[in-house]
Number of protein chains: 2
Amino acid sequence: MSITRENSRIMQRDLEVIWHPCTQMKDHETLPLVPISSGKGVYLYDFEGNSYIDAVSSWWVNLFGHSNTQINDKIKAQLDTLEHVLLAGFTHTPAIDLAHKLVDITPKNLSKVFYVDNGSSAVEASLKMSYHYHLNRGKTKPIFLSLSNSYHGETIGALSVGDVKLYKETYEPLLIANMQVPVPKDQSISSADEALEALEEVLISKSSEISAFIIEPLIQGAGGMHMYHPQYLVGARELTIKYGVHLIADEIMTGFGRTGKMFACDYADISPDFMTLSKGLTGGYLPLSVVMTTDDVYNAFYCDYNEHKAFLHSHSYTGNPLACSAGLATLEIFEQNDILGENEKKSKYIKDSLEKFSKLSNIKEIRQQGMITAIELKGYKSTQRTGLKIYEYALSQGVLLRPLGDVIYFMPPYIITYEQIDEMIEVAYRGIEMVQDDIITP
Amino acid sequence: MSITRENSRIMQRDLEVIWHPCTQMKDHETLPLVPISSGKGVYLYDFEGNSYIDAVSSWWVNLFGHSNTQINDKIKAQLDTLEHVLLAGFTHTPAIDLAHKLVDITPKNLSKVFYVDNGSSAVEASLKMSYHYHLNRGKTKPIFLSLSNSYHGETIGALSVGDVKLYKETYEPLLIANMQVPVPKDQSISSADEALEALEEVLISKSSEISAFIIEPLIQGAGGMHMYHPQYLVGARELTIKYGVHLIADEIMTGFGRTGKMFACDYADISPDFMTLSKGLTGGYLPLSVVMTTDDVYNAFYCDYNEHKAFLHSHSYTGNPLACSAGLATLEIFEQNDILGENEKKSKYIKDSLEKFSKLSNIKEIRQQGMITAIELKGYKSTQRTGLKIYEYALSQGVLLRPLGDVIYFMPPYIITYEQIDEMIEVAYRGIEMVQDDIITP
């Protein structure tokens, strides 16, 4: 990547004032920060005319490309009518229409939509709602159960149910009561069965104290794109029903076709008690999230005001009309095109194209679920930051491949073409090939 | 308010699927939910042509009216260039320009901007950052201190530092370690001094365990628009420096001119260690928030990556370009107009117009700070829901006055005209006059 004057000047203005998320800022003494002037389709453009294929969909949010005309038009029309109104006591058609569509496409028991505005807050709302449900029914169940290696967000409640040390360890003394059960160790049925046994053991002894079991169905994103078999979802649903514990499916990353089906839960044909959605919900445009839940949960809060059982959770921009419009345009694109069908072909094409990777000496595993493909490397210590070297190389070649440690992954916008897939994969190949020389452990 | 067919039809579609924030849904069996078709200036319009003066700025977010042309144009232009890109490793000019402007207008020591996307998450980021700062300096300080009657948001960490029972009590077993000191009981200097004594007592005994003291400067919003003297801010800043505890100024509600000055901290000429901003930051358009902090805090995290001291907090839509554009347009309006000067006149006009209220038998106190004016009623039990009756009456008269319990308040968009102020106040007067008959306690 050629960082000449214009990019560099803008980078300097940035570093004077911005503290970037999830970043050791000292890295930018050597790692150039890339200022983006515009985006179109899968491409991001910097201020010197370089382009980058956004192979991670800008942190897993973008579905149909940058500056998508159909989504833009819908937001512009909404700007001219109503940019925002509070959602308490008031409502608006973008929120209503989007909620109806979500109820239609999500698993069958999910009938109510509670709007929130980012992923972490949706997770927190689902945890609070589950706890409060049991309380309204006369039970105090202060523990939440989650999977080992899970990630559900950054706010204290969401962080507490996560298990990725990198994010969580520092804040241990601040976290709330939580327990983890082992995630299935791979995509096999046998590991799903094994993990279900461990789940049932915990439920047998602790279910009276556990409000909910929260999971990332099929794929743990920040946990290195770890994948497991749908059979685990089937079993987890059965067991949580059996032991009176809610099941929260956190589909913030997996929702809206990422895993191949519209929702990861669809692979197991299960209906959770709560589903959290965000990221792709607005096609990658704006922060918006929802907690979907059931009539049973809704009814546990429905009573005379003075019984004080209402769910008094809110965020100022809950159900923002502009974000809901982006969501409506996104779902319209799904309705008007065979997105899942096309993705299936692209997904297979990506998998087939990766065959030559398996001959490289630093490949531990290649795994795929729908439009998420992960290449896990081996042979390095984490302090070598091998993934970062590949990231830098790929940037210089016009591909944005931000890894998770030493896991390189592809999670491109669905509109990526076969030619762009070829380019993305070729650059990843050369980057991974390049670091073969750095292998230090067997 | 005439609810004939169209509003009613839309309301029914809403109630089938939406669970509204901060709402006992059963209330809507009798209380009509108002569907809004469009907004312009201070007005919201329903589907039958009724208009409502948005006297609470849609939960305290709107500054320059609904569907504001200047803000709309800026967002539309941004839509055509770049709707979003991740802010880790990448950047864009809307985020950079907005950050520079924020550094320019906020108190002098605030030099770095950490983008988040809603208010609760900004509070959580500031708490984590403060705790982590002390940890990076070798100290474990797991307690946060806040004011009695405070409100800082709904996620578990933010809820923990709050003190409004209505929101918090239900979730007590889930909350993290926190302590409260008494808020000054009124706007007098003597009550500020008294509260400072209590603060110092706690700091003397507990400062080694306390990371930060978080406050809503001058006005506690959800705590019934409770107001106190700037002298408390001066003293709190001195004491927190003296005892090595961070001061977090949560200006999510008070920022951007609400209190009369640009920030409430300006009344005391203090510079906190952290300032959280949201709501008015985008003029009421889109969710966006920031944590502003100092070089001292920034530098405590700045080191080689492998020392593992980085602040690894992120949200997908952190620093969203569309929301940053709305923020830039909002600050441009401040730059191009004497908003604070005009607000000062309007604020005085509102105060003068309220003189006749004090003769009503159910007025406990009228208080004002800049563009926030609160009328606290007396003589009712909370179960009577007197505020709600006034809300319903005001709606029928075309004014949106959503109260906090029995506190009626005005927090209108700054573009409200004197005629509209007259109308807003007249409707409130008649509503409050109307409920005089309901007084049951002396």
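Here is how names work: the chains are called A, B, and so on, in the same order as the sequence lines, proteins then strands, and each is numbered from 1. These numbers were taken from a predicted model, which means no experiment stands behind them.
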Novice: Can you say whether A:L15 sits under 4.5 Å from chain B via the side chain, the backbone, both, or neither, judging by heavy atoms?
Specialist: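 For A:L15, the backbone is the part near chain B, not the side chain.
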Novice: Relative to chain B, which segment of A:E83 carries a heavy atom at a distance below 4.5 Å: side chain, backbone, both, or neither?
Specialist: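 Both parts, backbone and side chain.
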Novice: Relative to chain B, which segment of A:A326 carries a heavy atom at a distance below 4.5 Å: side chain, backbone, both, or neither?
Specialist: neither
Novice: Is B:L400 in contact with chain A via its backbone, its side chain, both, or neither, using a 4.5 Å heavy-atom distance?
Specialist: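 B:L400 touches chain A through side-chain heavy atoms alone.
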Novice: Please classify the contact of A:L44 with chain B as side chain, backbone, both or neither, using a heavy-atom distance under 4.5 Å.
Specialist: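 For A:L44, the side chain is the part near chain B, not the backbone.
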Novice: Examine whether an atom of A:L135 lies under 4.5 Å from a heavy atom of chain B, and if so say whether it belongs to the side chain, the backbone or both; otherwise answer neither.
Specialist: side chain
Novice: Indicate yes or no: at least one non-hydrogen side-chain atom of A:I96 is less than 4.5 angstrom from one of B:E16.
Specialist: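 A side-chain contact is absent here, since even the closest heavy-atom pair is not under 4.5 Å.
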Novice: Relative to the ring of A:Y171, is the ring of B:Y131 parallel (under 30°), tilted (30 to 60°) or perpendicular (over 60°)?
Specialist: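 Ring orientation, 0 to 90° scale: tilted.
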Novice: Report which part of A:L159 has an atom under 4.5 Å of a heavy atom belonging to chain B: side chain, backbone, both, or neither.
Specialist: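 Only the side chain of A:L159 comes within 4.5 Å of chain B.
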Novice: Answer with side chain, backbone, both or neither: which region of A:D27 has an atom nearer than 4.5 Å to a non-hydrogen atom of chain B?
Specialist: side chain
Novice: Between A:S37 and chain B, with a heavy-atom cut-off of 4.5 Å, which part of the residue counts as in contact: side chain, backbone, both or neither?
Specialist: backbone
Novice: Under the 3.5 angstrom rule, does the side chain of A:Y305 hit a backbone N or O of B:T23 as a donor-acceptor pair?
Specialist: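 Flag not set: sc A:Y305 to bb B:T23 has no pair under 3.5 Å.
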Novice: If I measure from the heavy atoms of chain B, does A:V103 come under 4.5 Å with its side chain, its backbone, both, or neither?
Specialist: side chain
Novice: Run the side chain to side chain contact (heavy atoms under 4.5 Å, CB included) test on B:E154 and A:K128 for me, step by step, so that the C-alpha distance in whole Å, both residues' side-chain angles and the decisive distance to 0.1 Å come before the verdict.
Specialist: CA-CA 10 Å; B:E154 293 293 338; A:K128 287 173 65 182; 3.0 Å; yes
Novice: Tell me, for A:N72 versus chain B, whether the close heavy atoms (under 4.5 Å) come from the side chain, the backbone, both or neither.
Specialist: both
Novice: I'd like to know if the side chain of B:S67 reaches the main chain of A:L79, judged simply by a donor and an acceptor atom lying under 3.5 Å from each other, with no hydrogens or angles considered.
Specialist: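 Indeed, once roles are kept as given, a pair shorter than 3.5 Å links the two residues.
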Novice: Please classify the contact of A:D304 with chain B as side chain, backbone, both or neither, using a heavy-atom distance under 4.5 Å.
Specialist: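 Both backbone and side chain.
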Novice: With a 4.5 angstrom heavy-atom cut-off, which part of A:A88 approaches chain B: side chain, backbone, both or neither?
Specialist: both
Novice: Look only at the side chain of A:H20 and the backbone of B:L87, and say whether a donor-acceptor pair between them is shorter than 3.5 Å.
Specialist: yes
Novice: B:S58 side chain to A:L86 main-chain N or O, any donor-acceptor pair under 3.5 Å?
Specialist: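 Yes.
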Novice: Mark yes or no for whether B:Q24, through its side chain, and A:L312, through its backbone, hold a donor-acceptor pair below 3.5 Å.
Specialist: no
Novice: Please step through side chain to side chain contact (heavy atoms under 4.5 Å, CB included) for the pair B:Y302 and A:E29, ending with a clear verdict.
Specialist: CA-CA 11 Å; B:Y302 195 92; A:E29 290 183 6; 2.6 Å; yes
Novice: Heavy-atom distances under 4.5 Å only: say whether A:Q78 touches chain B with side chain, backbone, both or neither.
Specialist: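 No part of it gets close to chain B.
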Novice: Could you look at A:N306 and say if it's the side chain, the backbone, both or neither that has a heavy atom under 4.5 Å from chain B?
Specialist: side chain
